[in-house]
Amino acid sequence: MPVEVSVLITADREPRRLAKLISSLDKQTLNPSELEIVLVSTGDGQAERLEDLAARRPNVTVRRSAGPAEAALAQAFGAASGAWTVIFGTETATRDAELLPESLRRLVDHAEKHQLDWLAAQVAYRNAKGRLTGLFRLTEQRSGGPVPPSPCILHRTERLRNASDNPGTGGVFADYACLVLGEQDGAEGPAASFAMTDAAASWQGTVLTVTATASSSAELAYTLQHRATGLEHWLPTTTEPAADGGTVVRATIDLAAEAEVPQLAGGAWGLWLTAIDGDGTGERVRVPPITAPSAVVDGTLVALGVTGNGFSLDLGATMLAGLGELPAGRATITEAAGGTLATLPAPGLHVHGDARIEGFLQQGTFPLPAELIATDGEARVECLLSGMAGSSPLLTKFGTSHAADTGLTLTIDPVGAMSIAPTPPKPAPKPPAPKPVAKPAPKPAPPKPKPAAKKKAKKKAPPTALTKLRRRVPGFLEPAVKGLSRNSAARSLYGRINRALR
């Protein structure tokens with residue numbers, strides 16, 4: 001099968017980004033044999049990895065060049081063997097880039113049908129700032145004049161090789177956002193030059209109307225972007241001058257099955273406002289959070305709320321909870337054939353059409369099967385209750401979003417009687433006790449001098465008979481005794497006799 005599309009890619013980008021882009025090419029609805037991928041490299045840093053990729057993939061080739069990336073891409077035109085060529089140059093190298101699955105098939109079919117030489121594709125941006133390209137709102141043909149700036153353009157390969165100053169007959173394709181780009185590397189671009197105020201939303205049947213005031217005189221239009229895939233849809237938008245300056249911008253989102261706008265896939269969609277110039281360049285801002293009721297529309301729970309930093313609608317409540325707090329005064333508990341039935345009206349939901357949506361009513365952490373029933377323009381939650389004595393908060397979970405607190409508590413008394421009342425407010429946390437002020441530690445007293453150790457008095461030996469006799473010598477004999485005591489021999493004998501007597 002001949003190659004239909006050649007894709008030239010600057011390979012000098014982060015490996016994960018190159019892998020993501022190639023992975024999106026693998027998911028194209030084109031037959032793999034109809035797709036050729038040419039990786040153009042100007043360096044040797046990834047040579048081994050690129051050669052390994054080419055060896056494993058028959059539809060991948062690698063070209064090397066010493067020149068700048070754009071010049072290397074131009075030299076690679078001769079390597080393109082497909083009838084059509086798409087080039088992903090340096091403007092996509094510093095972002096996460098991926099093609100949506102039907103991109104190449106749709107571009108080729110449209111270009112062949114209208115015999116075009118080039119076709120610039122609509123581009124979707126995730127949370128982008130600064131000046132953007134490829135913001136095409138209407139699909140149209142353009143002959144003569146320059147090719148509008150876009151990071152995704154399909155070229156007729158033969159004309160691309162001729163390098164003619166006349167680009168030929170072309171067009172812009174806005175029916176499908178072909179390329180999705182992430183944030184720019186490095187410093188963020190400047191914020192948009194316009195702002196939004198007074199954003200509001202309201203329901204009428206199957207239609208959600210969004211209005212806001214923008215400080216811009218450019219062409220303005222709302223877009224919805226799918227949070228998971230990046231797919232975008234332009235919305236029917238009208239504008240009128242605001243009384244106090246600026247522009248009132250209004251858009252409608254019709255969720256009816258027979259609506260003329262493309263049907264929205266399930267999941268969360270973020271809402272943007274875009275200011276567009278004639279060449280498809282412009283800037284955009286996220287619609288700020290809006291307080292508006294969720295809805296059940298023709299059997300689908302549509303949750304309105306905030307994802308990221310802006311207003312979103314979530315078809316099927318995949319990220320946003322469709323139900324919030326429910327009024328306790330209208331809740332009822334009745335004995336039914338199947339058990340004890342709790343009915344919780346949801347007057348805050350907008351309802352169009354009858355529906356029964358399965359989900360859960362959680363008693364604390366214990367989930368019980370429940371239904372969200374929409375009929376006669378009203379909605380209610382029904383659930384057969386069970387449990388043991390005690391009190392449990394009630395939460396609802398419909399769709400894959402988190403469980404939502406109803407603001408209600410189920411109480412079961414010891415004999416099994418049940419009642420539903422508002423959940424009492426949590427007690428305010430006690431203020432933390434003031435920390436005691438640390439007193440400076442007293443200076444240690446100087447050590448007291450230790451008292452001098454007292455010498456123990458030796459116990460005197462009791463006097464012997466000789467000592468007692470000595471003490472009884474009469475006074476007139478005392479001189480003679482003292483004279484005798486001066487004799488060493490007599491003194492020594494006196495001492496021996498005393499020791500012997502002890």
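The figures here come from the full heavy-atom set of this structure, side chains too, leaving out hydrogens, waters and symmetry mates.
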Going by distance alone, is a donor N or O of one side chain under 3.5 Å from an acceptor N or O of the other, for [X] and [Y]?
X	Y	answer
Thr92	Arg13	yes
Ser33	Asn31	yes
Ser391	Thr411	yes
Asp254	Thr206	yes
Glu283	Thr274	no
Thr85	Thr157	yes
Thr340	Glu335	yes
Glu98	Ser24	no

Salt bridge or not between [X] and [Y]? Use side-chain N to carboxylate O under 4.0 Å.
X	Y	result
Arg356	Glu358	no
Asp109	Lys113	no
Asp314	Arg227	no
Glu232	Arg284	yes
Glu382	Arg380	yes

Spatial distance of atom [atom1] ([X]) from atom [atom2] ([Y]) [nearest 0.5 Å]:
X	Y	atom1	atom2	result
Cys383	Leu344	SG	CG	8.0 Å
Glu112	Leu107	CD	CG	11.0 Å
Glu34	Asn59	CD	CG	11.5 Å
Leu235	Thr209	CG	OG1	11.0 Å

| said: Set out, in order, the CA-CA distance, both residues' side-chain angles and the distance that settles side chain to side chain contact (heavy atoms under 4.5 Å, CB included) for Trp272 and Gln225, then state yes or no. | reply: CA-CA 8 Å; Trp272 295 78; Gln225 184 183 87; 4.1 Å; yes
Please find the pair of heavy atoms, one from Leu273 and one from Phe194, that lie closest to each other, and give the distance.
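Smallest interatomic distance, heavy atoms only, reads O-CZ, 3.7 Å.
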ask   = When you measure from the side chain of His226 to the backbone N and O of Gly266, does any donor-acceptor pair fall under 3.5 Å?
value =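 Side chain of His226 to backbone of Gly266, a donor-acceptor pair under 3.5 Å: yes, one is there.
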Is any side-chain heavy atom of [X] closer than 4.5 Å to a side-chain heavy atom of [Y]?
X	Y	answer
Arg126	Glu183	no
Val60	Leu39	yes
Arg250	Glu240	yes
Ser386	Leu368	yes
Arg57	Ile37	yes

| message | Under 6.0 Å between ring centres: does that hold for Trp203 and His352? | response |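 When the ring centroids of Trp203 and His352 are compared, they turn out to be at least 6.0 Å apart.
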Q) Under 6.0 Å between ring centres, would you say that holds for His155 and Trp118? A)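 No, too far apart.
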Intermediate values then yes/no, side chain to side chain contact (heavy atoms under 4.5 Å, CB included), Val381 and Thr343
CA-CA 6 Å; Val381 176; Thr343 303; over 6 Å; no
**Message:** Using a 6.0 Å cut-off, check whether atom CD of Glu219 has over 12 heavy atoms from anything other than its own residue.
**Reply:**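 Yes, enclosed.
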Quiz item: Between Phe173 and His110, what is the ring plane arrangement, given parallel below 30°, perpendicular above 60°, and tilted in between?
Solution: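 Geometry flag for His110 against Phe173: tilted rings.
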